[in-house]
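Quick notes on the structure that follows.
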Amino acid sequence: MALAEWIWMNGECVKYADAKVHVTTHAIHYGSSVFEGIRAYATAQGTAVFRLKEHTRRLMHSAKIMRIEMPYTEDQINEAIIETISRNGHDSCYIRPIAFRGAHPNGIQGLEGRTSPVDVAIITMNWGRYLGQEAIEQGVDVQISSWRRMSPGSLTPMGKIGGQYVNSQYITMEARDNGFTEGIALDHTGMVSEGAGENIFVIIEGEVYTPSTGSSILRGITRDSALTILKDLDIPVRYEAVSREMLYIADEIFFTGTAAEITPIRSVDRVKVGIGSRGAITKAVQDAFFGITSGAQPDKYNWLTPVR
Ligand SMILES: Cc1ncc(COP(=O)(O)O)c(C=O)c1O
């Protein structure tokens with residue numbers, strides 16, 4: 001797959017090979033970065049970014065949590081994202097804005113890091129389905145991880161902060177080593193939190209449950225999109241603590257995430273979910289979601305920002 005030609009870095013587009021940092025960069029040593037994952041879709045009406053404003057807003061929130069002074073406004077980041085996609089000529093792509101504590105002129109600094117400059121970059125790449133097209137239709141096999149999701153009070157689950165993703169890496173590596181597509185982490189109280197990079201919805205006897213922000217989740221933008229779609233479909237959602245055994249007796253479970261989009265889960269710990277294939281509510285949410293992101297249905301929630 002061809003790499004993008006341009007990366008936006010600190011206010012200008014530079015060639016892919018020139019978007020470099022120094023080894024003393026604070027974020028490499030201590031995880032002091034904040035980032036986003038966004039998709040632009042090739043809709044019937046042209047390339048469009050999905051929920052651009054919400055992603056940039058969350059980037060700003062992550063920076064605020066991390067005490068990173070963003071050198072650009074939300075509008076400037078939004079414009080830079082559009083410019084980078086356009087300049088690279090993507091029809092569809094994955095977009096990774098990142099802000100991080102950079103290299104100090106006097107070398108490695110202490111942990112605190114606030115004397116280091118802040119660098120900002122926007123990277124784009126061509127990208128298909130994260131868990132595969134088959135996963136969208138057939139579902140994925142997952143395990144409950146032996147790793148817990150980070151607890152609030154030791155870290156900040158609501159921020160999308162680089163260092164915190166060591167937790168997600170442990171969860172995914174363990175799942176892959178055990179032959180599963182993904183792992184689901186319990187929170188510090190033992191209730192279901194979320195996947196390594198996905199939020200979770202559980203359907204039991206027509207009731208939809210999703211863990212609340214009190215369960216150490218990232219407030220997913222795809223989660224919010226699924227909640228909007230479910231509301232429109234007149235399907236009520238209960239924001240309740242979800243126990244592990246609810247996953248075993250569920251009729252349907254699905255993941256939401258920028259990477260995973262809306263992906264059904266067909267087994268948990270090798271226990272079949274419902275009939276073992278995509279359920280009716282999952283399909284209804286997918287139809288509405290992919291209807292909008294493909295441009296086949298009107299963008300009634302104003303989720304798409306056209307690139308050109
Ligand atoms: C830990 C975690 N949970 C959930 C999500 C899903 O969030 P979103 O739908 O905004 O991509 C992500 C992806 O960003 C994530 O990294």
Side-chain angles (χ1 to χ4, degrees), residues 31 33-41 49-63 65-66 81 93-99 123 127 129-131 135-136 140 142 145 147-152 154-175 181-188 191-202 210-230 237 239 242 253-263 265 285-286 288-290 292-293 301 303-305:
S33 64
V34 295
F35 68 100
E36 272 303 314
I38 314 175
R39 272 186 193 264
Y41 286 93
V49 186
F50 186 69
R51 308 207 63 177
L52 174 62
K53 289 200 181 84
E54 290 84 352
H55 280 285
T56 304
R57 174 69 47 85
R58 189 171 64 185
L59 180 72
M60 295 297 185
H61 284 166
S62 298
I65 292 169
M66 221 5 233
I81 287 171
C93 64
Y94 179 79
I95 306 142
R96 164 60 55 80
I98 184 164
I123 304 149
W127 220 39
R129 298 255 184 262
Y130 178 60
L131 302 174
I136 296 284
V140 291
V142 306
S145 184
W147 297 99
R148 292 287 172 95
R149 174 89 173 142
M150 70 195 83
S151 62
S154 55
L155 284 167
T156 49
M158 226 183 264
K160 215 166 154 55
I161 295 169
Q164 300 190 158
Y165 277 79
V166 170
N167 181 236
S168 292
Q169 289 172 57
Y170 285 142
I171 294 164
T172 302
M173 285 193 287
E174 181 189 55
T181 303
E182 185 59 293
I184 293 173
L186 305 179
D187 70 11
H188 66 292
M191 303 303 277
V192 172
S193 178
E194 61 178 352
E198 306 86 7
N199 295 113
I200 188 167
F201 286 73
V202 182
T210 197
S212 76
T213 46
S215 297
S216 292
I217 63 165
L218 182 80
R219 252 173 6 134
I221 290 162
T222 322
R223 172 182 181 270
D224 178 74
S225 309
L227 290 170
T228 303
I229 291 167
L230 285 162
V237 178
Y239 301 85
V242 171
I253 310 177
F254 62 86
F255 273 145
T256 63
T258 297
E261 300 174 296
I262 312 287
T263 296
I265 293 175
V285 175
Q286 281 186 333
F289 181 86
F290 292 123
I292 290 174
T293 55
Y301 312 115
W303 282 344
L304 299 173
T305 302

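First listed ligand is number 1; within each ligand, the first listed atom is number 1.
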R39 with E261: basic N within carboxylate O range, under 4.0 Å: yes

E36 with R96: basic N within carboxylate O range, under 4.0 Å: no

Please identify each residue that fulfils side chain to side chain donor-acceptor pair (under 3.5 Å) with [X], with sequence neighbours left out.
X	result
T222	none
S145	E174
Y170	none

Positive for side-chain contact (heavy atoms from CB on, under 4.5 Å) with F255, one of E194, E198, R223: E198

Between the protein and ligand 1, which nitrogen or oxygen pairs come in under 3.5 Å, and how far apart is each?
residue: ligand 1; atom: 3 (N); partner: E194; partner atom: OE1; Å: 2.9
residue: ligand 1; atom: 9 (O); partner: I221; partner atom: N; Å: 3.3
residue: ligand 1; atom: 9 (O); partner: T222; partner atom: N; Å: 2.8
residue: ligand 1; atom: 9 (O); partner: T222; partner atom: OG1; Å: 2.6
residue: ligand 1; atom: 10 (O); partner: R58; partner atom: NH1; Å: 2.8
residue: ligand 1; atom: 10 (O); partner: R58; partner atom: NH2; Å: 3.0
residue: ligand 1; atom: 10 (O); partner: I221; partner atom: N; Å: 2.7
residue: ligand 1; atom: 11 (O); partner: T258; partner atom: N; Å: 2.9
residue: ligand 1; atom: 11 (O); partner: T258; partner atom: OG1; Å: 2.6
residue: ligand 1; atom: 14 (O); partner: K160; partner atom: NZ; Å: 2.8
residue: ligand 1; atom: 16 (O); partner: K160; partner atom: NZ; Å: 3.2
residue: ligand 1; atom: 16 (O); partner: Y165; partner atom: OH; Å: 2.5

